[in-house]
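Note sheet for the following structure.
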Amino acid sequence: MKQSPFLYVAITTLLLITITIMCSMNFPFNWIFYLTVIGQILVVIMVYKVLKDKYTTNKTFEHFYEDHPFEPIEVRAENENFR
């Protein structure tokens, strides 16, 4: 079974958000320090997994975003003589 890199993204994001909350709640420094080190290691692993994922698509830059298709807009000036 192929494991998606989105699991790594979710775990890393949750850990780093947890560290931010712990900093604002004045948790002991050693907890925050060790979780930050673990978070940095997870960021490296996450980047590696995302970059090595065998994901292919037939989309190009001409497709822009799937949820918001890009269509050129023609802009016409009412008065083309600006002087």
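All values reported here derive from a predicted model rather than from experimental measurement.
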Please tell me whether Leu14 and Val37 are part of a single hydrophobic cluster in this structure, the criterion being side-chain heavy atoms less than 4.5 Å apart.
no
From Asn30 CG over to Leu35 CG, what is the distance, rounded to the nearest 0.5 angstrom?
9.5 Å
Closest non-hydrogen atoms of Gly39 and Leu16, given as atom of the first, atom of the second and distance, are CA-CD2, 4.1 Å
Answer with yes or no whether the hydrophobic clustering places Val50 together with Ile41; edges join I, L, V, M, F, W, Y residues whose side-chain heavy atoms lie under 4.5 Å apart.
yes
Roughly how far, to the nearest 0.5 Å, is the OG1 atom of Thr18 from the CH2 atom of Trp31?
12.5 Å
How far does OG1 of Thr36 sit from CG of Leu42, to the nearest 0.5 angstrom?
11.5 Å
How far apart are the C-alpha atoms of Tyr48 and Val44, what are their side-chain angles, what is the distance that settles it, and do they pass the side-chain contact (heavy atoms from CB on, under 4.5 Å) test?
CA-CA 6 Å; Tyr48 176 78; Val44 172; 5.6 Å; no
Nearest 0.5 Å, please: how far is CE in Met46 from CG in Leu51?
9.5 Å
With a 4.5 Å limit on heavy-atom distance, are the side chains of Ile11 and Leu15 in contact?
no
Are Val47 and Phe6 in one and the same hydrophobic cluster, where Ile, Leu, Val, Met, Phe, Trp and Tyr link if side-chain heavy atoms are under 4.5 Å apart?
no
From Ile17 CD1 over to Thr12 OG1, what is the distance, rounded to the nearest 0.5 angstrom?
11.0 Å
